[in-house]
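Predicted model only: the values in this text are computed from it and were never measured. Counting from 1, the numbers follow the sequence of the chain as shown.
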Amino acid sequence: KDSNEQFSIIFGQSGYALPSSLATVTVTGEGTVPDYAFSECGKIKEINFRKEISRIGSRAFSGCLSLTKVPLADGLKYIGDEAFSKCLSLESVFIPDSVETIGARSFGGCTSLKEISLPYLGSSRYSSDGFDYLFNGFGTVPSSVEKVTLRSGNVKNNAFSDCRDVKEVVLEKNVSEIGNYAFSGCYSLKSISLSGVTYIGDYAFYDCCSLAGLTIPETVTYIGYGSFMNCYRLYVVRNYSSLQVAEGGLGGVQEYAIGIYPKNETPEITETDGYKFLVRGGEAYLIDYEGESSELTFPTSFISKGSRYDSYDIPKCFFFNPNREYKIEKATLNSVKNVGYKAFGGISSLKTVEFSETVENVAENAFYGCGSLSVARFKPNGVLKNVGAYAFGGCSSLEILNLPENVETVGYAAFAECGSLKEVTLGNKLTSIESNLFNNCVALEKVGVPSTVTRIGEYAFYNCKSLDKIVLPTGLS
């Protein structure tokens with residue numbers, strides 16, 4: 001009863017002596033689990049405690065490779081250093097509120113851990129440690145961890161910084177403050193619950209570029225500078241607080257918001273074939289897509305509250321995520337009206353884009369840096385009017401581009417650095433060729449300058465080495 005020896009001493013000198021058939025261990029006594037008690041018992045899948053355990057020693061379960069769960073009940077007060085380290089099969093953990101001390105690296109190397117519920121962050125309720133304290137320090141949170149629940153205490157500065165794979169965080173009502181940069185760089189964070197939060201620090205959610213919605217509870221009294229900067233997918237915000245939150249504005253809750261909704265107003269959201277739409281003020285917007293298909297065929301229409309919508313916008317930065325490597329090779333933009341800023345920016349796999357006749361605007365940087373894009377096909381009878389600055393900049397595989405006749409403006413450097421571009425047809429309503437439009441299009445051989453053009457900007461054809469001949473309109477000023 002009072003021995004500090006390992007459990008495996010019953011069978012031999014190490015965990016390797018355990019019978020392969022031994023999957024479950026039940027401990028009927030109370031008190032403590034000594035240091036190293038079950039260390040390297042790699043075949044055990046489940047351990048049950050019949051009575052209250054107050055202390056789990058250092059490395060008590062370290063190296064239990066097959067252990068899938070450990071019931072930690074109320075009454076437990078102490079978890080030692082590396083207590084569950086290298087438990088490679090452990091998937092979920094609930095640490096009870098009675099725990100007063102949690103040792104360093106308690107779950108280090110638990111590469112299958114998906115979900116963890118904590119009474120507080122760090123070694124104790126008074127520590128300033130971050131979430132990675134439970135693992136092996138900065139940058140060591142396993143990529144398997146998807147959901148974290150914090151039941152009390154505060155989220156300190158940088159507490160979850162660069163936890164790039166965490167998708168969901170639940171802060172229960174006893175969590176009141178979120179520190180500066182607390183969740184910065186949590187690129188995969190899609191959902192955050194702020195039920196009792198009063199304070200959100202500066203840059204708290206900086207670069208949380210997957211955050212798809214936000215509810216600001218009544219308790220919130222302060223939101224710091226740049227708290228939601230680069231939260232590109234934060235299209236829907238529910239504001240139940242007394243704070244004034246307006247659409248637009250740099251780095252705030254509202255920077256990317258399509259709609260800000262008070263407590264008495266519900267967003268009109270509809271899902272069709274995996275595509276989620278928001279209707280606001282009679283206009284429709286695509287706000288989410290979670291599929292993994294390499295070929296995207298956008299819906300031609302959808303129904304919301306009995307009304308049919310035959311066109312919609314793709315908002316800015318829709319597919320832009322520095323931490324996610326999309327496998328999209330082809331996109332057919334059925335019924336799309338406006339393609340927003342950086343909507344497809346940087347998708348290296350994208351090869352073909354088919355534009356429907358409904359497209360009116362392709363915003364600046366919409367396809368910037370899509371290095372594999374070789375085909376961007378517009379309908380000859382399309383209603384395209386505007387192509388923004390750098391819209392196709394850096395699309396180094398693009399060879400031929402024919403714009404519809406209705407195009408009125410093509411922005412600065414819209415086709416710059418398109419090194420494979422050989423032929424371009426511009427619309428007959430174009431009046432100006434902007435500066436750097438074809439800058440470094442070294443393969444460009446043929447471009448039709450419409451007779452309506454009256455101005456050509458600086459460096460418009462800079463370093464177009466293959467362009468032997470160009471016919472300029474007589475109306476140039």
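- The ring of Tyr203 has its center closer than 6.0 angstrom to the ring center of Tyr225.
- A search for side-chain hydrogen bond (donor to acceptor under 3.5 Å, both in side chains) contacts involving Asn386 returns Asn361, Thr409, not counting sequence neighbours.
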Which pairs would a plain distance check flag for residues 207-219, meaning a side-chain donor or acceptor within less than 3.5 Å of a matching protein atom at least two apart in sequence or in another chain?
| residue | atom | partner | partner atom | Å |
| --- | --- | --- | --- | --- |
| Asp207 | OD1 | Asn230 | ND2 | 2.8 |
| Ser210 | OG | Tyr187 | O | 2.6 |
| Ser210 | OG | Asn321 | ND2 | 2.9 |
| Glu218 | OE2 | Lys263 | NZ | 2.7 |
| Thr219 | OG1 | Val197 | O | 2.6 |

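- Note that Lys316 lies outside the cation-pi zone of Tyr232, set by a 6.0 Å cut-off to the ring centre and a 45° limit from the axis.
- With sequence neighbours excluded, no residue satisfies side-chain hydrogen bond (donor to acceptor under 3.5 Å, both in side chains) with Lys351.
- A parallel orientation is assigned to the rings of Tyr235 and Phe318, their planes being inclined by less than 30° (bins at 30° and 60°).
- Taking Ser144 as the reference, Leu113, Pro142 meet the side-chain contact (heavy atoms from CB on, under 4.5 Å) condition, with sequence neighbours excluded.
- Ring-plane geometry between Phe61 and Phe38 is classed as parallel, the angle between the planes falling under 30 degrees on a 0 to 90 degree scale with a further cut at 60.
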Contacts table for residues 173-186: side-chain donor-acceptor under 3.5 angstrom, sequence neighbours left out:
| residue | atom | partner | partner atom | Å |
| --- | --- | --- | --- | --- |
| Ser176 | OG | Asn154 | OD1 | 3.0 |
| Asn180 | OD1 | Asp202 | N | 2.9 |
| Ser184 | OG | Ser161 | OG | 3.3 |
| Ser184 | OG | Tyr181 | O | 3.1 |

May I have the list of side-chain donor-acceptor pairs in residues 266-277 shorter than 3.5 Å, sequence neighbours left out?
| residue | atom | partner | partner atom | Å |
| --- | --- | --- | --- | --- |
| Glu268 | OE2 | Ser304 | OG | 2.5 |
| Thr270 | OG1 | Ser304 | OG | 3.0 |

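- Inspection of the Arg125 and Ser152 side chains reveals an N or O donor paired with an N or O acceptor under 3.5 Å.
- The side-chain contact (heavy atoms from CB on, under 4.5 Å) test applied to Ser293 returns Tyr289, Glu295, Leu296, not counting sequence neighbours.
- With ring centers used as reference points, Tyr312 lies 6.0 Å or more from Tyr285.
- For residues 99-110, the set of pairs meeting the side chain to side chain donor-acceptor pair (under 3.5 Å) definition, not counting sequence neighbours, comprises Glu82-Arg105.
- Side-chain contact of Thr358 with Ser356: a donor-acceptor pair under 3.5 Å is present, judged by distance alone.
- Between Gly75 and Ser98, the shortest heavy-atom distance links the atoms N-OG, 2.9 Å.
- Figure legend: Arg151 and Phe94 shown as a cation-pi pair, the cationic atom lying under 6.0 angstrom from the six-membered ring centre and within 45 degrees of its axis.
- Taking the side chain as every heavy atom from C-beta outward, Ile79 and Phe84 approach each other to under 4.5 Å.
- Annotation: side-chain hydrogen bond (donor to acceptor under 3.5 Å, both in side chains) contacts of Ser123 (sequence neighbours excluded): Asp129.
- Relative to the six-membered ring of Phe320, Arg233 misses at least one condition, a distance below 6.0 Å or an angle of at most 45° to the axis.
- Residues passing the side-chain hydrogen bond (donor to acceptor under 3.5 Å, both in side chains) test with Thr149, sequence neighbours excluded: none.
- Looking at Asp165 and Lys114, no side-chain N of the basic residue comes within less than 4.0 Å of a carboxylate O on the acidic one, giving no salt bridge.
- With sequence neighbours left out, the ring-ring contact (aromatic ring centres under 6.0 Å, His included) criterion links Tyr120 to no other residue.
- In plain terms, the two heavy atoms of Ser335 and Pro299 that are nearest each other are CB-O, 3.9 Å.
- Residues forming a ring-ring contact (aromatic ring centres under 6.0 Å, His included) with Tyr133 (at least two apart in sequence, or on another chain): none.
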Practice problem: Evaluate the criterion side-chain hydrogen bond (donor to acceptor under 3.5 Å, both in side chains) for residue pair Thr332 and Asn334; output intermediate values, then yes/no. | Solution: CA-CA 6 Å; Thr332 302; Asn334 292 325; 5.9 Å; no

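- Considering only heavy atoms from C-beta on, Leu243 comes within 4.5 Å of Ile223 through its side chain.
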